[in-house]
Amino acid sequence: MVTDVPQELAAFLRSRRERLDPADFGLPRRRRTPGLRREDVAELAGISVDYVVRLEQARGLRPSADVVDALAGALRLNSDERAYLSGLARPSTGRRAAVRASPSLVQLVADLSPRPAMVMNHRFDILAWNDEMAAVLLDFATLPVRRRNAIWLCLLHPEIREFYVDRDRVVREGVAHLRAAWAAHPQDRVLAGLIAECVGSDEEFARLWAARDVRLNARGAKVLRHPLAGEIALRFETLTPQQDPDQLLVIYRAADVRSQEAVDSLCRTRAAS
């Protein structure tokens, strides 16, 4: 479930403290309590035990950037986890999600043809796409606006949810991205509603959401099991425009010759229909 920021900050700190092995710090292991003690974290971070206790009890503290850095070092957070902790400590004050792609990005998506491309906002609402992306996935124009969401499609759309060969990994990465987006925009009620719907509708999503994994992946590979073209191996890149930081540009390209031929065939079929 979606919690408020102090509660999530507390739960995140506890989860990261409890996953650490005291032996890695030259400390004795204890049978009853997992991970490091709060006293250990306080000493490693150079802050008071009382401050760590109050943070983990969700008393509404907003740690400074220096304290966040000290906690991140003590808890051995990776770069994505550091960014997540920083977002929780200093969340956005209410920037609204873009509901339309900027005109320059709409033109760029068209110009990227024949590579499939689309633009999303921080909720992963799909705001613009080219014909190639519609051919590879589906024509988003046929969906209600509220359902043009990459996370919802992957989890709950009856056809798209079966597209991904490695669906477990795709869902895991999607949950991590959605959690990071929520940390940066905790006041976004539409985003919170999407998360609540996914938690209530998909057991795997609920399990992964509770795990608090925030490792992000802005580039990589996916294999689609397309009903018309068979398996298509794709590489993707996700870019954040400097002048439109709330929008994400996603570009696909075929990973091999056969996949490129499949994409070309789908595009020809779409153009002829």
Side-chain angles (χ1 to χ4, degrees), residues 1-5 8 87 91-110 116-164 167 170-210 214 216 218 222 224 226-227 236 238-241 244-252 270:
M1 62 180 296
V2 181
T3 59
D4 63 24
V5 172
E8 175 58 24
S92 167
T93 55
R95 174 190 281 253
R96 293 187 176 182
V99 294
R100 295 182 182 85
S102 65
S104 60
L105 287 179
V106 172
Q107 184 61 54
L108 178 58
V109 164
M118 63 182 174
V119 176
M120 302 185 294
N121 62 15
H122 71 247
R123 297 176 189 150
F124 300 93
D125 295 328
I126 300 165
L127 307 179
W129 59 93
N130 58 17
D131 286 342
E132 287 77 10
M133 185 63 80
V136 170
L137 293 180
L138 83 165
D139 187 352
F140 304 116
T142 64
L143 299 173
V145 172
R146 65 185 295 266
R147 292 310 187 199
R148 296 174 193 171
N149 180 276
I151 302 296
W152 185 88
L153 289 170
C154 178
L155 287 172
L156 302 176
H157 189 280
E159 296 176 8
I160 299 299
R161 63 175 284 125
E162 303 300 330
F163 263 34
Y164 299 100
R167 185 173 179 275
V170 172
V171 171
R172 185 170 62 253
E173 292 176 353
V175 172
H177 280 276
L178 203 58
R179 180 170 281 285
W182 176 82
H185 305 273
Q187 308 304 321
D188 187 334
R189 294 184 179 180
V190 176
L191 177 60
L194 170 66
I195 295 167
E197 180 182 5
C198 291
V199 167
S201 303
D202 190 280
E203 292 182 0
E204 181 67 3
F205 182 97
R207 183 185 68 79
L208 292 170
W209 183 262
V214 293
L216 305 182
K222 296 178 181 178
L224 304 185
H226 199 283
F236 68 90
T238 305
L239 307 174
T240 303
D244 299 291
D246 187 58
Q247 300 181 41
L248 303 171
L249 174 64
V250 182
I251 306 168
Y252 284 179
R270 174 174 168 78

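From a predicted model like this one, the values you see are computed outputs, not experimental measurements.
Scanning both residues, Ala206 and Val199, for their nearest heavy atoms gives CB-O, 3.6 Å. Shown here for Asn149 and Arg123, the closest heavy-atom pair between the two residues is ND2-O, 2.8 Å. Here the closest non-hydrogen pair linking Asp188 and Val190 is OD1-N, 3.1 Å. Across all their heavy atoms, Asn130 and Pro116 have their closest contact at OD1-CA, 3.6 Å. Here the shortest heavy-atom pairing between Trp129 and Asp139 reads NE1-OD1, 4.1 Å. Across all non-hydrogen atoms, the minimal contact from Ile195 to Trp209 is CD1-CH2, 3.5 Å.
Residues passing the ring pair (Phe, Tyr, Trp, His ring centres under 6.0 Å) test with Phe124, sequence neighbours excluded: none. Taking the salt bridge (charged side-chain N to carboxylate O under 4.0 Å, His left out) definition, one finds that Arg147 meets it with Glu197, sequence neighbours left out.
Contact check for Val99 versus Asn121: no side-chain heavy atoms found under the 4.5 Å cut-off. Proximity of Met133 to Phe140: side-chain heavy atoms (C-beta onward) are separated by under 4.5 Å at one or more points. With contacts defined as side-chain heavy-atom distances shorter than 4.5 Å, the pair Tyr164/Leu224 qualifies. Put simply, the side chain of Leu155 reaches to within 4.5 Å of the side chain of Arg167, judged on heavy atoms. Here the side chains of Leu249 and Asp244 are not in contact, with every heavy-atom distance at 4.5 Å or above. Inter-residue side-chain proximity for Asp202 and Arg161 is flagged as met; some heavy-atom pair is nearer than 4.5 Å. For the pair Tyr252/Lys222, a side-chain contact is recorded, criterion being any heavy-atom separation below 4.5 Å from C-beta on. Side-chain contact between Leu153 and Leu143 is present, with heavy atoms from C-beta onward closer than 4.5 Å.
In this structure, the separation between NE2 on His185 and CG on Leu191 is 8.0 Å, given to the nearest 0.5 Å. Between the OG1 atom of Thr238 and the CE atom of Met120 there is a distance of 6.0 Å, given to the nearest 0.5 Å. Rounding to the nearest 0.5 Å gives a distance of 11.5 Å between CZ of Arg100 and CD of Gln247. Summarising the geometry, atom NE2 belonging to His226 is positioned 4.5 Å from atom CZ belonging to Phe163; distances are rounded to the nearest 0.5 Å. Atom-to-atom distance recorded for Leu108:CG and Ser102:OG is 9.0 Å, nearest 0.5 angstrom.
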Checklist entry - Where do Leu194 and Leu178 land on the side-chain contact (heavy atoms from CB on, under 4.5 Å) test, with the steps shown first? => result CA-CA 10 Å; Leu194 170 66; Leu178 203 58; 4.2 Å; yes
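For Arg270, the CZ atom counts as densely surrounded, since its 6.0 Å shell holds more than 12 non-hydrogen atoms of other residues, nucleotides or ligands.
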